[in-house]
Amino acid sequence: MQEVFAILKFRLLFELLLDLKMNHFNFYRCCLLSARITICVSIPLLAIILSERPTAAQTKSSPVSSEVDRNRLEVIEELSESLANDLLELSVAVRNRDLLLTADFFPAGIVAKPFPSRPTAIINQVKWIGNHGWETSEKSPLITPAGESKSTGKAFLQDWKEFLAHFSDIEDARFKVKEANFDRTAKIVVGAQQPTAVIGATGRARIAFYVIGRDTAGKREWARGTFWANVRADKNNHWQFDSFDLINFDSLVAEKDLFSEVAVPAGLGAVIPGFGTPENSGFVWHGAAGGDLNNDGWIDLFVVGTNRNYLYLNDQKGGFRDASDEAGVKITATGSAPLIFDYDNDGDADVFISAVGQQMLFENRFKQTGKLEFNDVSLESGVAKDAIGFSAVAGDVNGDGRLDVYVASYNRYGQITPDSWFRATNGTPNLLFISQTDGSFREEAEKWGVNDKRWSYAAEFADINSDGKIDLYVANDFGEKAMFINQGDRFVDEAETRGVLDSGNGMGVSFGDYNNDGRLDLHASNMSSTAGNRILTRLFPNSSAKDNVLKKLAAGNNLFENTGDGKFKDVTAEVGGFSGGWAWGGGFIDFDNDGWEDIYTPNGFISGKSMKDT
C-alpha cells in the first residue's frame, strides 16, 4: 500500500497543510506543480488528516456544518488563490516600479478616492521607531478643480507613482488576500495547471499590502495598509480592482540603523550549494554558534555546512578569518547544529554537534597546547548515539558542577508520518547526556523522564520555579510543547498546569525578561499563515487561536509572561502578536542597549523560482 495514492483536491485542507508545515515531507515527489491545488497524499496520511478534526474541547465553535456546500467552499478558495497569485505578480511589479504591469490591475473605471501619497510628519512611537501617516497630495489628478474626487485608473496610478517616489530604494513589496468572497456566478477553470478564474468572475476582498525600503532621506521605512476592493477577472488574465477603499495606511520609520549586512566584507560570505542539488539534497538544516574558542576575549563562530564545517576566528578588527583547516574541523563530519561549551572544565570551549545519525563532540586542545586544534572524542566520550538531532543545549542538570547536554531529536520526514498534526508521539526520543567524573557522558534521557518523542526541534534550560535546579522547555513541531520541571533526580512535564501547553508547530524557544520584572518569560516560535487563517475564518468564524487548535496552528509565535507563582500567562495578543511566517529559532536580545530585551525571529522556507512556488 505504500505506493497507493489518493488525490486530495480540497483546497481548504491543502493550503492549510502547505502553510502549516506539511511540506516538511517529500511532497516534491508527488504532483505539486507550483501553486497547483492538486496534491498526492498517501492513503494512511489522508486518514490521519481526516482524523485531525478539532474536538469539542479544542474548539468552542461548532465544526463545519454538514449543510455547508463544500464544493462551493473549494471553488471560493480556488478563486481566492487565483487572486492571491495575481497579487504576487503585482507585488513584483511594485517592487520593480513597473508601472506598465501595475496598470493591468487598475482599470479606467475604477471607483477610488485619491490615494494618499504625501507623508505626514514623523511622530516618535517607541524608542528609535517613528510613525507617520499619509495624506492626499494637492496635486492628485483625482481631485477636480471643485475639490471633488473623480475615478480613473490612470489618475490613481499617478498617485501610486508619487507614493513610490517617496522611496529611494524598495527592498520588498507584498499584497496578501486576508479575506475574500465571490459572487455565486463566479467560477474557476476546471483542470487548469494553477487556480484560474473564469473571465468575468467578480467578488470582494480585504487585502493587506506593504512596501519596505528606504525613504528619500535614507531612513528605513515600512509602509503598510489594508483596503477593500471589488475584484473582477478580466480578459487579460489578471484580476482587476474595480474599486479601492482604503481602510488604514501608515508607515514605521527607523530613526537610526542598528545593523548593517556585512557578511562578505567580514569574511563570512560562504555560499552553500542550492537546495535540491546533488551537493545539498538532504532535508537537514544547518546552524551556527558563537563563543570564544581561542581565549582572546572575542567571540568566534562555528558553522556547520552541507559538506564541511567552518570555524571563523574573530580578528578583533570587525572581521573573521577561516581557521577551519588549521583547527582540524573542516573535513570532519558535519551535522545540523553546533553547541559551544566547556565540557571538560579545562578552561577552553569545546564543540558538540547534534546530527542526523551519531552525535559528535570535539575537544578543544588550546589550553593544553596553546594552539587551537580539536580532537574528535565522540566515541570515547559516549555521545556517539543515534538520533535525528536538530539542536542541542547544555546545562547542569544534577547540580554537580559539570555541564550536561540535551539533544532535541526529530524524525525522518518523508519516510515517517506524524501520528498527529499537533499531538504527535512517534518522533525519535530525545537524548540527555549526563557528564561523568571521568570526562565521559552517560545517556540517561529515559531515566530522567525527558526522552520526549514529539518531533522535537529546540530546547532551553532555565530555573523556572527559582528552586535552584534548572528546568527544561522543549519546542515540539508536531506535538505539544513540554515544560519539564526538575525534581532533583527526574523531570516531570508540567506544561499544562503552568500555562505553556502550546500546540503550535514549535521550532524555537528562548527565555528572557521582556517586562523587566526580574522573572524569566518565555518566547516560543511557531508558524503563521495568511492563507491558513483565511480558510479557517470561513470554517470557524466565531473561534480564535485560544479555543481552536487549527487556528492556533496558523497563529504564529507565543509570548508567555511569568506571573511569579511558577506559572505563565499567554500575553501574545496583549503585547502585539508575533506572526513571524515560517518562524524558526531566534530569541531575546537587547538590540539598542536600552536595558529592555527585544525579540528576533528568523523566518522563511525553501523557495522556488517563482513567488508562487513555496
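Start at 1 with the first residue, then count along the sequence.
Under 4.0 Å is where a charged nitrogen must lie from a carboxylate oxygen, and between R224 and D250 at least one such pair does. Ion pair R174/D172 flagged as a salt bridge, since at least one NZ, NE, NH1 or NH2 atom sits closer than 4.0 Å to an Asp/Glu carboxylate oxygen. Here D598 pairs with K127 in a salt bridge; the nearest charged N to carboxylate O distance falls below 4.0 Å. Under the 4.0 Å criterion applied to side-chain N and carboxylate O atoms, R365 and E363 are assigned as salt-bridge partners. A salt bridge is defined here as a Lys NZ or Arg NE, NH1 or NH2 lying under 4.0 Å from an Asp or Glu carboxylate O, and E255 with K219 meets this definition. Between D517 and R519, at least one side-chain nitrogen of the basic residue sits less than 4.0 Å from a carboxylate oxygen of the acidic one, meeting the salt-bridge criterion. Using a cut-off of 4.0 Å between Lys/Arg side-chain N and Asp/Glu carboxylate O, E171 and R220 are scored as salt-bridged. The pair K481-D452 fails the salt-bridge criterion, with no side-chain N (NZ, NE, NH1 or NH2) lying under 4.0 Å from an Asp/Glu carboxylate O. E326 has a carboxylate O that lies under 4.0 Å from a charged side-chain N of R321, or vice versa, which qualifies the two as a salt bridge.
Side-chain contact of D570 with N558: a donor-acceptor pair under 3.5 Å is present, judged by distance alone. Side-chain polar atoms of D590 and W596 form no donor-acceptor pair below 3.5 angstrom. S409 and T428 share a side-chain donor-acceptor pair at under 3.5 Å.
Aromatic rings of Y210 and F175 (six-membered ring for Trp) have centroids beyond the 6.0 Å cut-off, not under it. Aromatic rings from F259 and Y600 are positioned such that their centres are separated by 6.0 Å or more.
Checking side-chain atoms of D344 against main-chain N and O of G439 turns up no donor-acceptor pair under 3.5 Å.
The closest side-chain heavy-atom distance from D396 to D404 is below 4.5 Å. In this structure, the side chains of E221 and H166 come closer than 4.5 Å at one or more pairs of heavy atoms.
Here the options are W134, F167, F115, the test is ring-ring contact (aromatic ring centres under 6.0 Å, His included), and the partner is W160; only F115 passes.
In this structure, the ring-ring contact (aromatic ring centres under 6.0 Å, His included) partners of F106, at least two apart in sequence or on a different chain, are F156, F241.
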